[in-house]
Each structure stands twice: as C-alpha cells, then as structure tokens.
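The structure follows.
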Protein chains: 2
Amino acid sequence: MPGVKSRREQYSEATRAALLETATTLFAERGFARTALEDVASATQVTRGAVYHHFASKRELFEAVLESLETEATRRIAEAAAGTDDAWDAAMIGLDAFLDQCCDPVYGRLCWQEGPVALGWDRWKECEEKYAYGLTSQFVTSLMDAGYIEQASPEITTRFVFALLGAIGSMLADAAEADKPRVREECATLARRLLTGLRPRPA
Amino acid sequence: MPGVKSRREQYSEATRAALLETATTLFAERGFARTALEDVASATQVTRGAVYHHFASKRELFEAVLESLETEATRRIAEAAAGTDDAWDAAMIGLDAFLDQCCDPVYGRLCWQEGPVALGWDRWKECEEKYAYGLTSQFVTSLMDAGYIEQASPEITTRFVFALLGAIGSMLADAAEADKPRVREECATLARRLLTGLRPRPA
DNA sequence: ATGGAAACATACACAGTGTATGTCGGTAGG
DNA sequence: CCTACCGACATACACTGTGTATGTTTCCAT
C-alpha cells in the first residue's frame with residue numbers, strides 16, 4: 001500500500017523534521033559557522049551519526065533548512081500577487097509580501113545573511129534560482145514585457161533588483177523589533193522610487 | 001634617529017608585506033575558507049609561526065588584506081571625483097571610477113564576495129565603514145544636501161546604494177574577462193537610471 | 001523465527017586553527 | 001667588545017569540528 005508509512009518511516013521522518021527544526025533555530029541564533037553539528041544533534045537528542053544519516057553534509061543540512069524557508073516564502077509571495085493582472089501592481093504587491101516575510105527574523109537572517117556566507121555566493125545563488133531569485137526574475141521580465149521598465153539585460157536587471165531585495169532583507173533582519181515597522185516603510189518607498197527610475201522616459 | 005629603521009625592523013616589515021601579498025593572491029584565487037595559513041606561510045617561505053607573529057588570527061590577516069585593497073581603491077575613487085563641484089557629476093565620476101576598480105578581479109572578488117563570507121556580514125560592514133561604505137555615505141549625503149535626491153533616511157538610502165554597488169562588484173568579479181566591458185556599461189546605465197528614480201519629482 | 005535492511009550510535013581519521021615554548025641572530029648599554 | 005635582552009621567527013602540541021567506517025539495535029517481510 002503506497003502512501004501508508006510504516007512506523008519506522010514515521011519515526012525517521014519525525015527525526016529528520018526535528019533535526020531540521022533545531023538546525024533552523026540554532027543557525028538563526030548563532031549563525032552557520034558557530035553552530036557545530038554536535039549541538040544540533042544533542043539539542044535534538046540524537047548523535048551526529050543521525051545527522052549524517054539524514055544529510056550528507058553540514059552544507060546540505062543548511063540547504064535543506066534554506067529550501068524549507070524559501071519554499072514557504074515564495075509560495076506566500078506568489079500567492080499574494082497571483083490575482084493581480086497589471087504587472088506593476090503585481091510587483092508592488094509582491095514587494096509588500098516580501099517585506100512582510102523579511103520581518104520574520106529567522107527568514108531574514110538565514111536566507112539573506114547566513115545563506116551566502118554558509119554556501120558561498122555561487123552555490124547560494126544556484127539554490128535561490130528556484131526561489132527568491134527565480135521569483136525576482138519573473139517579476140522583472142514581466143515588468144519589462146509590459147513596458148513598465150526599460151528594455152535591458154534581464155539578467156543584470158534582475159541581479160540589481162535582487163541586490164536591493166537582499167539589502168532590505170538584511171536590514172530588516174538586523175533591525176530591532178521595535179524599529180521594523182518604520183524601516184519597513186522607508187524601504188518600501190525607497191524601493192518603489194528606485195524602480196520608477198527604470199521606467200521608460202516619456203520623451 | 002627616529003625614522004631610520006634598524007635592519008631587523010626592515011626584514012620584519014618585508015616579511016609582513018610578503019605575507020600580505022601572498023595572502024592576497026591565495027585568498028583571491030581559492031577563497032578565504034579554502035586557503036590554509038600553512039599555504040600562505042609556505043608560499044612566503046616561512047612557517048605559520050611567522051604568520052601568527054604578524055597577525056593575531058586568520059581573520060585579522062584577511063582584514064589587513066582587505067584594508068590594503070580598500071585604502072587604495074577609495075583613494076583612487078575619491079581622487080577622481082575630487083575636482084568636480086556639482087554633486088551629481090561628482091557622484092557619476094565616482095561611479096565610473098568604482099566600476100573601473102571592480103574590473104580588477106582581485107578587488108572584486110576579495111572585497112565583495114569573500115569579504116562578507118570571511119568576516120561575517122557585521123564585521124565586514126564594520127570594516128567597510130571606513131572605506132567603500134563610508135565613501136558611499138558621503139556621496140549620498142552630498143547628493144541629498146544638493147537636492148539631487150529626495151530627502152530620506154540617509155542610513156537606509158546609503159545601504160540601498162551600497163547594495164547596488166555590491167551587486168556590481170560581484171557581477172564584474174564573476175564576469176569573464178571578455179564580457180567585462182559590456183557588463184560594465186550595462187551596469188553603469190542601469191545604476192544611473194536607478195539613481196534618477198530617487199530624484200525629487202517635478203510635481 | 002530469522003535474514004536483511006533501515007535508523008541510528010560509536011569510534012576514529014584528519015584537517016586546520018590557535019597557543020605555548022624553544023631558538024637564534026640583532027641590537028643596545030656598559 | 002661583550003653580554004644581556006628582545007624581537008622574529010620555528011617547532012610542537014592541544015583542541016575543535018567535519019566527515020567516514022564500522023558497529024548495534026529495531027522493525028518488517030517472508
């Protein structure tokens with residue numbers, strides 16, 4: 001009977017999920033480099049053996065954490081913008097949803113600060129292709145197609161916009177909880193203004 | 001006689017400089033994490049003992065490398081923009097000088113890619129306060145003062161612009177040597193356009 | 001019940017950083 | 001001059017942390 005999990009499979013899956021969760025917490029609290037797998041294991045009440053059973057390496061564990069966070073985040077953002085036809089409006093709604101997302105300290109810290117540090121920029125971007133970077137790319141090309149921003153290399157434009165989003169993510173991740181609403185608003189208006197710079201000139 | 005160095009001091013300074021140079025090369029070639037101090041030492045024909053004599057830690061060695069690169073870079077950029085009175089023109093000249101700088105693969109790689117990875121984002125930004133970040137901040141505030149860009153939080157605006165510059169640095173560091181001129185130009189126009197988005201509205 | 005495989009634990013190899021100590025040549029004061 | 005010291009480095013070692021190889025137990029199928 002496919003779909004029915006044996007007890008052992010359930011246990012195994014639970015362990016894996018628990019590892020993922022403690023790893024998320026510890027990576028977010030202490031950062032990738034300052035978190036030893038021993039800590040992750042003991043906090044989950046298993047040994048490092050279990051960790052290496054479920055994940056090939058420390059890096060892969062982090063990637064799994066990242067993917068889990070990004071899957072949820074991109075889903076939310078895409079969902080928020082889904083109903084809107086106009087490309088510009090959709091992008092602005094997406095931006096708002098993204099800002100909301102970044103106010104979660106775990107997301108901001110792990111995806112935008114620890115991510116590139118832990119995996120190296122290349123590998124990180126490779127992972128992000130599927131998520132934030134990919135989504136950004138979609139928004140950018142749809143804005144370009146709709147004539148809302150000037151025709152230019154989509155790759156480079158995307159990287160610029162992505163960098164902006166990264167800056168926002170890092171800032172919100174850094175900001176004290178009390179400051180977040182203010183910072184959030186300033187980021188929103190600034191990002192909008194910068195993007196309007198890309199609009200085709202009326203001339 | 002102050003100012004005159006004893007022979008020992010000269011030797012010492014020379015080895016320190018040599019260490020700095022090989023470290024620069026190796027960090028740029030292999031990255032910070034994949035470069036062991038043993039490699040730096042042996043390539044300089046000394047032992048790790050010498051490295052630890054001159055630098056308190058691997059991190060400090062990297063910081064020294066970074067500072068050396070950034071000192072030179074910011075000097076060049078500031079110098080290029082020095083003669084120009086108009087804040088906008090000065091900023092554009094500075095941008096051009098920066099783009100030139102980033103075409104040096106060593107600078108781009110170490111300052112914009114390895115930097116945050118090696119030191120962690122916080123410490124990296126702390127270092128950059130004195131150099132690229134500080135210079136960016138100056139340009140931004142002078143643009144704001146001159147009314148070329150809208151009044152807004154200078155801190156946040158600076159971080160946005162800094163992120164843009166970082167994106168450029170990374171891209172040029174990544175780009176194949178043959179592509180650099182093209183990428184450079186596209187980056188330049190894109191950056192200019194984005195910045196114009198910050199100009200106060202005529203309305 | 002029993003062979004086998006999955007889910008872990010245990011133990012170990014190894015790389016790399018940092019530190020404590022040793023050595024040797026240069027330099028300064030008498 | 002010479003000698004006592006100090007700085008520049010070398011040597012050796014401790015410790016942390018990753019990854020791997022090998023056990024051990026538990027579950028499930030036959």
Side-chain angles (χ1 to χ4, degrees), chain A residues 1-23 25-27 29-66 114 117-120 123, chain B residues 1-23 25-27 29-66 114 117-120 123:
Chain A
M1 257 197 262
V4 169
K5 316 264 182 173
S6 75
R7 190 174 348 174
R8 250 211 332 214
E9 283 172 312
Q10 289 178 6
Y11 285 159
S12 177
E13 225 167 272
T15 311
R16 194 193 138 95
L19 282 171
L20 223 65
E21 183 159 339
T22 50
T25 307
L26 290 180
F27 284 154
E29 275 173 4
R30 311 181 194 171
F32 177 77
R34 308 198 73 80
T35 303
L37 290 185
E38 175 61 37
D39 302 340
V40 177
S42 66
T44 320
Q45 291 163 348
V46 292
T47 65
R48 284 188 324 121
V51 179
Y52 277 99
H53 178 74
H54 286 284
F55 305 95
S57 68
K58 189 182 180 184
R59 214 194 54 161
E60 273 205 12
L61 171 60
F62 184 85
E63 283 190 24
V65 168
L66 206 74
E114 291 299 320
V117 170
L119 306 181
R123 179 72 190 132
Chain B
M1 257 198 261
V4 167
K5 316 263 181 172
S6 74
R7 189 172 356 175
R8 250 211 333 214
E9 283 173 310
Q10 289 177 6
Y11 286 160
S12 176
E13 227 168 89
T15 49
R16 193 193 138 95
L19 283 171
L20 223 63
E21 183 159 338
T22 53
T25 308
L26 290 180
F27 284 155
E29 274 174 5
R30 312 181 193 172
F32 177 77
R34 309 199 70 79
T35 304
L37 290 185
E38 174 61 36
D39 303 340
V40 177
S42 65
T44 319
Q45 291 162 349
V46 292
T47 65
R48 286 186 330 148
V51 179
Y52 277 99
H53 178 72
H54 287 285
F55 305 94
S57 67
K58 188 182 179 183
R59 215 193 51 158
E60 273 204 10
L61 172 59
F62 185 85
E63 284 190 25
V65 168
L66 205 73
E114 291 300 320
V117 171
L119 306 180
R123 179 73 190 131

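All figures in this text were calculated on a predicted structure; none of them were measured in a lab. Residue numbers begin at 1 in each chain, while the letters A, B, ... track the order of the sequences.
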**Q.** 5'-most by nearest nucleotide on DNA chain C - B:K58 or A:R16
**A.** A:R16

**Q.** Between C1' of C:dG16 and CD of B:E38, the distance in whole Å
**A.** 10 Å

(Q) Whole angstroms only, please: what is the CG-C1' distance between A:L37 and C:dC8? (A) 16 Å

Q. In whole angstrom, what separates A:L19's CG from C:dA9's C1'?
A. 14 Å

Q.
Is it the case that over 12 heavy atoms from other parts of the model lie below 6.0 angstrom from the CZ atom of B:R123?
A. yes

Q: Remember a base hit wins even if backbone is also touched, and classify A:T47 as base, sugar-phosphate or nothing at under 4.0 Å, heavy atoms.
A: base

Q) More than 12 heavy atoms of other residues, nucleotides or ligands under 6.0 Å from CZ of B:R30: is that the case? A) yes

(Q) Nearest to the A:H54 side chain among D:dT18, C:dC8, C:dT17, which nucleotide is it? (A) C:dC8

Q: Ignoring backbone atoms, test whether B:H53 places a side-chain nitrogen or oxygen under 4.0 Å from the OP1 or OP2 oxygen of D:dC9.
A: no

Q: State which of D:dT20, D:dC13, C:dC8 makes the closest approach to the side chain of A:Y52.
A: D:dT20

Q. Base, sugar-phosphate, or nothing for B:T44, non-hydrogen atoms under 4.0 angstrom?
A. nothing

Q: Measure the distance from CG on A:L26 to P on D:dG17 and round it to the nearest whole Å.
A: 13 Å

Q.
If you only use heavy atoms from C-beta on, which nucleotide in C:dG18, C:dA9, C:dA11 is closest to the side chain of B:R48?
A. C:dG18

Q.
Looking at every non-hydrogen atom in both residues, tell me the closest pair between A:K58 and A:T35 and how far apart they are.
A. NZ-O, 2.9 Å

Q) For B:E114 and B:F32, which heavy atoms make the closest approach, and how far apart are they? A) OE1-N, 2.9 Å

Q | For atom CZ of A:R34 and atom C1' of D:dT18, their distance in whole Å | A | 17 Å

Q) Separation of A:Q45 atom CD from C:dA7 atom P, in whole Å? A) 20 Å

Q | Rounded interatomic separation in angstrom, taking CD from B:E9 and P from D:dC9 | A | 12 Å

Q | Candidate nucleotides D:dC9, C:dG16, C:dA7, ranked by approach to the side chain of B:A50 - the nearest | A | D:dC9

Q. Taking only N and O in the side chain of A:S12, is any of them less than 4.0 Å away from OP1 or OP2 of C:dC8?
A. yes

Q: Would you please confirm or rule out a distance under 4.0 Å between OP1 or OP2 of D:dC9 and any side-chain N or O of B:T15?
A: yes

Q: Would you kindly give the CD-to-C1' distance between A:E13 and C:dA7, to the nearest whole Å?
A: 13 Å

Q.
Does any part of the side chain of B:T15, heavy atoms only, come nearer than 4.5 Å to the side chain of B:T44, both counted from C-beta?
A. no

